[in-house]
Amino acid sequence: MKEDWVMVLSLRGGRRAKVAKLLLQQYGIESHILNRPSSTSAVTNTAALYTPRNKADKARSVLSASNLR
């Protein structure tokens, strides 16, 4: 992960994370998805969305308003 980036969202599966990433792009917020496999199931994984620390508050606000949180 890039230095000084923070997690702003964690979801099961990657599809909603991709939607969140596209939404943040519309607001000019760079983001990165990190997929982590589940230790209990090969089918279920967790997708974490990271943004630069200085954009994290804005990203959380956008995601919260869109009900993706």
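With L23 as the partner, the side chain to side chain contact (heavy atoms under 4.5 Å, CB included) test is satisfied by one option alone out of K21, Q26, Q25: Q26. Just one residue in the list V8, L24, D57 forms a side chain to side chain contact (heavy atoms under 4.5 Å, CB included) with V62, and that residue is L24.
Of all heavy-atom pairs spanning T51 and A59, the tightest one is CG2-CB, 3.9 Å. The two residues A48 and M7 have their closest heavy-atom pair at CB-SD, 3.5 Å.
With sequence neighbours excluded, the residues satisfying side chain to side chain contact (heavy atoms under 4.5 Å, CB included) with A47 are A17, I33, N35. Partners of D4 by side chain to side chain donor-acceptor pair (under 3.5 Å), not counting sequence neighbours, listed by chain and number: R53.
Atom-to-atom distance recorded for L49:CG and R16:CZ is 12.0 Å, nearest 0.5 angstrom. Atom NZ of K55 sits about 10.0 Å away from atom CH2 of W5, to the nearest 0.5 Å.
Side chains of L11 and K18 form no contact here, defined as non-hydrogen atoms less than 4.5 Å apart.
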